[in-house]
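Single-structure report; data block below.
Quantities reported herein were computed from a predicted structural model and do not represent experimental measurements.
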Amino acid sequence: MNEFIMYLVTGLGFACIFEALPWLLGPEKMRDFLLQLADFNPDQLRGYGIVLLILGATLIWFARS
């Protein structure tokens, strides 16, 4: 298997694990959190998404350099 594909699949696997943990540990709190998220307007959510995207890319860049 190509090394890039191996890293990509590994990263996706870790992302799935980290995404599942809050649902396993506290499904009621996650449901409440999602209901609160519904009150945000789309521009706020887009802004948070951009910040998280930049943070994630920066962390990967630092880890790989």
Side-chain angles (χ1 to χ4, degrees):
M1 183 182 284
N2 186 332
E3 188 174 349
F4 172 75
I5 299 296
M6 184 180 67
Y7 282 123
L8 182 66
V9 171
T10 302
L12 287 172
F14 276 117
C16 289
I17 290 170
F18 289 128
E19 288 287 330
L21 282 176
W23 291 102
L24 290 172
L25 298 176
E28 298 86 13
K29 295 279 186 186
M30 282 300 294
R31 184 181 46 216
D32 294 342
F33 174 70
L34 289 176
L35 290 173
Q36 288 177 351
L37 249 145
D39 293 335
F40 284 90
N41 70 40
D43 291 332
Q44 286 176 305
L45 294 174
R46 188 171 290 114
Y48 291 135
I50 289 170
V51 168
L52 287 173
L53 177 78
I54 292 169
L55 176 65
T58 303
L59 287 172
I60 291 170
W61 183 72
F62 278 128
R64 301 296 291 171
S65 62

### Query
Which distance, rounded to the nearest 0.5 Å, do you find between the CH2 of Trp23 and the CD of Glu28?
10.5 Å
### Query
Going by side-chain heavy atoms closer than 4.5 Å, which hydrophobic residues are tied to Leu24, directly or by a chain of links?
none
### Query
For the atom pair CE (Met30) and CG (Leu21), what is the distance rounded to the nearest 0.5 Å?
10.5 Å
### Message
Between Leu34 and Leu45, is there shared hydrophobic-cluster membership here, with clusters defined by ILVMFWY side-chain heavy atoms closer than 4.5 Å?
### Response
yes
### Query
Are Leu12 and Ile5 grouped together when hydrophobic residues (ILVMFWY) are joined by side-chain heavy atoms under 4.5 angstrom apart?
yes
### Summary
The side chain to side chain contact (heavy atoms under 4.5 Å, CB included) partners of Phe14 (sequence neighbours excluded) come to Thr10, Phe18
### Query
Please, which pairs that meet side-chain hydrogen bond (donor to acceptor under 3.5 Å, both in side chains) have at least one residue in residues 36-51, sequence neighbours excluded?
Asp43-Arg46
### Query
Among Val51, Leu52, Thr58, which residue meets the side chain to side chain contact (heavy atoms under 4.5 Å, CB included) test with Ile54?
Thr58
